[in-house]
Amino acid sequence: MNNKKNMKKSRLMLACVGAAFSLAIVGCSSTPVAAPTPYKSASTKAAYGYSSEKISENEYKVLFKATDKTPADKVQQYALYRAAEIAQKQGFTYLVIVKTNVDKKPVIAREVMANKEEPVAFQTDRQCTMSGCDEVAQPMAVPSSNDVVKTQINDIYFTIDVMMANDKTRLGKNSFTVLEVLSEPLEPKNGN
């Protein structure tokens, strides 16, 4: 009987330790990384990337949330690109930005800091065989050359209100062709 009680206590203790460990991992992973935000869908309201809201039959609000490590022109391009994707999906040929808004909110983030020290040189040994002697590098444990530090960054919330139509005259001279926007690559082409 006592053995069953101890077994139950052990299982309960193990479950509590597992839950605490899981919360610790989730807590660490919810800290943003101080790095540029790629073009992607925001998986939750707090996540980085694009999201949208339909305002009317031909008007949408597009938000792109990014870290301040993302260049401002990229954030704007990502929001416009997402608006063009929506316009294309809804069957529209043209779009125009009606309103823009930028908000910044400070957050604590993780950043990988590169160590400025010279790389550690491997120790060498002299290894001799019947055909002669050579200097041979010996493997050894090398300290990490990068450190993860906490730093303050800004979350950037870039919002555009976009109207869409199939007739350019309804939107005015500042309208974009959906195909024109979608034909621009999001990332520069490599010269390789």
Interatomic spacing from OG1 in T67 to CG in N154 - rounded to 0.5 Å: 9.5 Å
Any side-chain heavy atom of K65 sitting closer than 4.5 Å to one from T37? no
Would a hydrophobic clustering, with Ile, Leu, Val, Met, Phe, Trp and Tyr connected at side-chain separations under 4.5 Å, put L186 with L95? yes
Side chain to side chain contact (heavy atoms under 4.5 Å, CB included) assessment of M164 paired with I86: CA-CA 9 Å; M164 304 166 187; I86 293 169; 3.8 Å; yes
Do M163 and F176 belong to the same hydrophobic cluster, where Ile, Leu, Val, Met, Phe, Trp and Tyr are linked whenever their side-chain heavy atoms lie under 4.5 Å apart, directly or via other members? no
Does one hydrophobic cluster hold both L182 and L80, with members joined at side-chain heavy-atom distances below 4.5 Å? yes
Would you check, one step at a time, whether the test side chain to side chain contact (heavy atoms under 4.5 Å, CB included) holds for Y157 with V102? CA-CA 6 Å; Y157 297 83; V102 179; over 6 Å; no
Closest non-hydrogen contact found for V75 with A66 is CG2-CB, 3.9 Å
Where is the tightest heavy-atom contact between N166 and G91, given as atom of each residue plus distance? OD1-O, 3.1 Å
CG (D103) and CG (D155) are apart, to the nearest 0.5 Å, by 11.0 Å
Provide the closest heavy-atom pair for A87 versus V178 in the form atom of the first, atom of the second, distance. CB-CG2, 3.6 Å
Supply the atom-to-atom distance I153 CD1 to R110 CZ, rounded to the nearest 0.5 angstrom. 10.5 Å
Side chain to side chain contact (heavy atoms under 4.5 Å, CB included) evaluation trace for R82 with L63: CA-CA 9 Å; R82 179 60 186 153; L63 166 69; over 6 Å; no
Shortest non-hydrogen contact between A165 and R170, atoms and distance: CB-NH1, 4.2 Å
Closest non-hydrogen atom pair, A109 against A34: CB-N, 3.9 Å
Output for pair (S51 OG, K45 NZ), nearest 0.5 Å, gives 8.5 Å
Can you name the closest pair of heavy atoms from K69 and A35 and give their distance? CB-C, 3.6 Å
Determine, using ring centers only, whether Y78 and Y39 are less than 6.0 Å apart. yes
Are F158 and Y48 linked, directly or through other ILVMFWY residues, by side chains that come within less than 4.5 angstrom of each other? no
Using 0.5 Å steps for rounding, measure from the CD1 atom of I160 to the CG atom of N101. 11.5 Å
Would you sort out whether D68 and K104 count as a side chain to side chain contact (heavy atoms under 4.5 Å, CB included), showing the intermediate values? CA-CA 9 Å; D68 62 4; K104 295 180 181 181; over 6 Å; no
Does some side-chain heavy atom of F64 sit less than 4.5 Å from a side-chain heavy atom of I156? no
Atom NZ of K54: over 12 foreign heavy atoms under 6.0 Å: yes
Report whether Y94 and Y60 are members of the same hydrophobic cluster (ILVMFWY, side-chain heavy atoms less than 4.5 Å apart, transitive linking). no
Can you measure from CG (L171) to CG (N58) and round to the nearest 0.5 angstrom? 8.0 Å
